[in-house]
Structure formats: structure tokens, C-alpha cells
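In this text the structure is predicted, and so the values were computed from the model without any measurement.
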Amino acid sequence: MKKRSIALFMAMMLGTTALGGCGDAGNDKSQEKSAKQSEASGEQVEITFYSTQAGVDNETVALLDEFTKENPDIKVEFLPCGDDQLQAWLGLYAAKKAPTVALMDVSVVTQYHSYFYNFSENEVPWVDDIVTGKEYYTVDGSLYAIPASVQGFGLMYNNRVLKEVFGEDFDIHSVDTRDELEKMLDDIDASGKAASTITLNADWALAAHLGALLYSGYQGDETAQMAFIDRLKKGEASLADDQVYNDLMDTLDILSEHNMNKADPLQINQEMNCEAFATGKVATYFQGDWNWMMMSGVEGRDEELGMIPLPISNDSEQNVGLPMSSPKGYCIDASQNTEEQQAAGLKLVEWLCNSEKGQDFMGVTIGSTLPFKDVKVENPNALAKSTQEYMEKGEIKDIRTFTVNVPSDYWYVVGPYFQQYVAGELDRQGLAKEIESYWTSLE
């Protein structure tokens, strides 16, 4: 489903309900009054929570139970996302059961921001405690979601394996060009001590992570990145002639050639891949710090794990900076939920972000870097420590332009074309044409 059809679908569903039944949805004092009335009457406010954070449904239910114990005036029903996150969310709106609070991808928040609670128009003091990430969820100067975390991705490495292959003095940060990357992978394979790398070929991994680099700081500053996207939409950009596209595909070819799962290139068993990396069966893996959730409990896991930027060009200066973003944010529905429910939802979001139990869930259970001033928990995620280090050094590869402006169906549509390329069913020029066709269809 292309962006225009999703937008039409949402317009049809929400046209009769947007802002309906909400009264003065933006009035913070009115919400406080409703909440106090509920507390005085002893009635429970019933709200729902929809999450696109896969793999932690049981943990999320337990977390929401803890919130209800501390806030007995609010009952929260958990709505799992399933495999098709966007369509499940759209279905809830179609049924006029919009979730009160939802943890959503940034592109969905920005695309459908008019249906969400506007944090900027209300007095929400703790918003000032957000260190980074608000810019992802700000549209026309207004904030429509609270960033849940900061996440980085790149070439994850198992340092124990690298030291066994190259010696104790080996510095992974010296691998800062595509040629150095290829040489390292060749040498690891030749050593026989471990497989050299894994390429996760899920549609989202290829299109929204590896593919995100096509629109990133490699294209220049934010203005240059946006100009590149605009040219694609107008059919004025040729990816086949684009240096960044060809650098990226050269890198993907190298990763695919050395892929531990080369015999089955579309093998996407993430749990098995994470176990292989964490225990040193494979030395490197292009993925992100969120994979810690699958690694932390692996028996015999190595301790020395980290990340470096994936070098896609042979200019080391271009390869500086770890791609990172605030990929998901907490938004509150203001189109189908009552003022009372919105007030309860705001209380839940504050608790998720600022309470020790809420931070423990996102920072310890999931292992994400938290974007708040007052962090009450210690993150055990060895990969997130790399994200933190690059962030503190200011070495960030800008992907915000892509993350904010990409249509919410991008990886659903473009990801399978990348998979066809990896499987040898589509050549480089064919993939370029399919990506170009996606963008021109949006005009």
C-alpha cells in the first residue's frame, strides 16, 4: 500500500471521528478536572496501550499491571501489534477503538500527527527533561509524541573473536573504509576461527536500516538530503548514477558474499543470528543495539561486544558517525479518546518515561539508551554503550531527514525489492528502478 492509499484510508476512517466526542481536547485544565472527578467518584478510567515493540508482549503486560497497582484509578488494556503493525493500528481506528496510548514508529507519528495530543499546547513540565529526540516528533513547531529511546545501529563486533584472529592489539576502529572492511572479512573467514559476518535480510533491516544510509549524511547536510528525496519524487534523480547508491550496493555485495547464511540468503531467524554473534560463532553483524534483548540471556555470551559505523565508501572521513535515531515515540490519541482518557494516557506516558519501573523496562529489559535527564537505571547493554559513546563524541550519522520524511509504508514496499536483489532475482539497476518508482508514485 503506497502512502497516498494509506492516507486516503485514514481520511475515510477518521473523517467523521477526528476530534469528535473530545470537546476541548487540547485543554490541559479540563483534563485535570476530569481526572479529579474520576478519582473522587472512585471510578476507573479505562484506556488502551498499543505497542509496536515486538518480542516483549508478556513483559509489557507485567509492566502495565505495575502501573495499575500504583494508579488504581486507571485500568490499562494491552493491544499487541502482531506481524503487520501498521495495518493493525489502522484497523483499530477503523473500528473506532483508537488506542489511548501507542508506541509508534516516528514516520507514523509525523504522518498522522493531527490525530494526536499536542504536548506543546499543554502544560507538561517534564517534557523539558528530554535531552534529545524531540525534533523527530515535532511538526510545525509542535510536539506530538515523546521519544521512548535513542537507538544506534552499525557493524556490531565480537571483540573476543577479533582478538583471536588479529591479536590483542587489533583496533576495530581502524576498519574505516569499504576496502578495509572487505579485507577484515576475508581474513576472518580464512582464519577458520569463526564466520566473518551475518547479513539480516528482513525487509525492514534492508530498507529501513541499510537502505536508510542512502538518504543519510552521505548525501550531505539536511538540506541536501531533502533535495535528494524531492528529486526522487519528481523523477529527476537516477540512482544508477548516484555515488552513494553504488557505494551502498558495493557494501551490500561484500556483506552478502561473506554472509554466514549465504546458502539461504533470505534466512531471517533473528534469534539464531543473535545467539551466533553473542557466542562468537560469527565475528560481525550489521544490526543495532536493540538486539541486546535477544542476546542478554544467551548462555555463554561474550562480554566484549560493540559497534562501529558500517563503512560504505573508501573515504574514511565520510564514514565517521554512527547512525542513530529516536525510532519510536509515545503518542496519545486525541481523536477518539475522551478528555478523561487522554489525561489518564498522559499519566501513563509520564510513568513509562520517568518512573524507575518504566525506565527499567526500556533501559534494562530492552536495553535502549534513554533520552532523559534523570535516568534512574543502569543500562547493561554493551551495544548501547557504543551508541552512548558516539553520541557523547558528537559522531552521529544523520538519518533524521529520512526517518521523519519517509512514508510509513516505505519498508513494506521497498524491502522486498532489496530481498529480491540479495536473492539474485533483481540486479542493481532493477533495484534502482523499483526504488525510483516507489518515490515517483507519491507525487
Side-chain angles (χ1 to χ4, degrees), residues 151-200 205 209-210 251-262 269-314 316-317 319-324 367 369 378-393 395-397:
Q151 295 182 330
F153 63 93
L155 188 68
M156 304 190 302
Y157 62 88
N158 185 313
N159 207 38
R160 176 187 62 78
V161 176
L162 295 180
K163 287 180 178 179
E164 287 184 7
V165 175
F166 299 106
E168 290 290 329
D169 295 332
F170 179 73
D171 181 9
I172 183 64
H173 298 90
S174 66
V175 181
D176 56 5
T177 66
R178 188 175 62 245
D179 286 349
E180 287 291 337
L181 171 67
E182 184 171 26
K183 182 179 183 302
M184 179 183 72
L185 299 181
D186 284 340
D187 290 344
I188 295 170
D189 282 337
S191 74
K193 295 182 181 296
S196 59
T197 199
I198 296 173
T199 305
L200 178 61
H209 295 152
L210 185 72
T251 305
L252 178 55
D253 289 348
I254 291 170
L255 295 176
S256 297
E257 177 61 29
H258 292 82
N259 184 13
M260 183 181 76
N261 302 317
K262 185 178 178 180
N269 189 324
Q270 181 77 318
E271 187 173 348
M272 184 179 72
N273 290 340
C274 285
E275 188 276 336
F277 171 74
T279 57
K281 297 182 182 71
V282 63
T284 67
Y285 186 9
F286 178 71
Q287 263 296 290
D289 56 20
W290 55 86
N291 285 277
W292 180 255
M293 193 168 56
M294 293 186 182
M295 298 179 194
S296 59
V298 171
E299 187 175 352
R301 171 179 54 81
D302 287 315
E303 298 295 330
E304 294 185 69
L305 308 176
M307 286 191 299
I308 62 167
L310 178 71
I312 73 166
S313 81
N314 275 322
S316 60
E317 293 185 3
N319 295 318
V320 172
L322 191 75
M324 61 182 70
T369 301
E378 184 176 350
N379 192 336
N381 185 344
L383 300 169
K385 290 177 182 177
S386 288
T387 300
Q388 186 74 34
E389 289 170 2
Y390 278 98
M391 186 168 64
E392 290 175 353
K393 291 188 293 185
E395 294 182 357
I396 299 171
K397 182 65 69 179

Kindly give the heavy-atom pair with the smallest separation between [X] and [Y], and that separation in Å.
X      : Y      : value
Asp176 : Pro311 : C-CB, 3.7 Å
Val175 : Ile308 : O-CD1, 3.8 Å
Gly306 : Ser386 : CA-OG, 3.5 Å
Ala276 : Met260 : CB-CE, 4.0 Å
Gly367 : Ala384 : O-CB, 3.6 Å
Ala283 : Leu162 : CB-CD2, 4.2 Å

Looking at residues at least two apart in the chain, or sitting in another chain, which of them share a side-chain hydrogen bond (donor to acceptor under 3.5 Å, both in side chains) with [X]?
X      : value
Asn269 : none
Lys193 : none
Glu168 : none

Apply salt bridge (Lys or Arg N to Asp or Glu O under 4.0 Å) to Arg178 and list each qualifying residue two or more places apart in sequence or on a separate chain.
Asp247, Asp250

Any residue meeting salt bridge (Lys or Arg N to Asp or Glu O under 4.0 Å) with Glu378, in chain and number order, not counting sequence neighbours:
none

Check the pair Asp289, Asn381 against side-chain hydrogen bond (donor to acceptor under 3.5 Å, both in side chains), reporting the backbone distance first and the verdict last.
CA-CA 8 Å; Asp289 56 20; Asn381 185 344; 5.1 Å; no

Test Thr199 against Asn261 for side-chain contact (heavy atoms from CB on, under 4.5 Å), laying out the working first.
CA-CA 8 Å; Thr199 305; Asn261 302 317; over 6 Å; no

Residues two or more places apart in sequence or in another chain: which of them pass side chain to side chain contact (heavy atoms under 4.5 Å, CB included) with [X]?
X      : value
Ile396 : Met324, Met391
Glu257 : Lys262
Gln270 : Leu200, Trp204, Asn273, Cys274, Tyr285, Gln287, Asn291, Met294
Ala194 : Val161

Flag, side chain of [X] to backbone of [Y], donor-acceptor distance under 3.5 Å:
X      : Y      : answer
Ser316 : Thr177 : no
Thr369 : Gln388 : no
Asn319 : Ile312 : yes
Asp302 : Glu304 : no

Would Arg160 and Glu303 count as a salt bridge (charged side-chain N to carboxylate O under 4.0 Å, His left out) if you check the C-alpha gap in whole Å, the side-chain angles of each, and the deciding distance to 0.1 Å?
CA-CA 8 Å; Arg160 176 187 62 78; Glu303 298 295 330; over 6 Å; no

Side-chain atoms of residues 180-187: list all donor-acceptor pairs with protein atoms under 3.5 Å, sequence neighbours left out, distances to 0.1 Å.
| from | atom 1 | to | atom 2 | distance (Å) |
| --- | --- | --- | --- | --- |
| Lys183 | NZ | Asp187 | OD2 | 3.0 |
| Asp186 | OD1 | His258 | NE2 | 2.6 |

Hey, what do you get for CG (Leu310) to CG (Leu322), rounding to the nearest 0.5 Å?
10.5 Å

List in chain and number order the residues that pass ring-ring contact (aromatic ring centres under 6.0 Å, His included) with Tyr390, two or more places apart in sequence or in another chain; answer none if no residue qualifies.
none

For residues 169-188, which residue pairs qualify under ring-ring contact (aromatic ring centres under 6.0 Å, His included), counting only residues two or more places apart or in two chains?
Phe166-Phe170

side-chain contact (heavy atoms from CB on, under 4.5 Å) assessment of Thr284 paired with Asn158:
CA-CA 6 Å; Thr284 67; Asn158 185 313; over 6 Å; no

May I have the step-by-step check of side-chain contact (heavy atoms from CB on, under 4.5 Å) for Leu305 and Met156, ending in yes or no?
CA-CA 7 Å; Leu305 308 176; Met156 304 190 302; over 6 Å; no

Is it the case that over 12 heavy atoms from other parts of the model lie below 6.0 angstrom from the CD atom of Glu271?
no

Would you call the rings of His209 and Phe153 parallel, tilted or perpendicular, taking 30° and 60° as the class edges?
tilted

Glu395 and Glu389: side-chain contact (heavy atoms from CB on, under 4.5 Å), yes or no, with the steps?
CA-CA 9 Å; Glu395 294 182 357; Glu389 289 170 2; over 6 Å; no

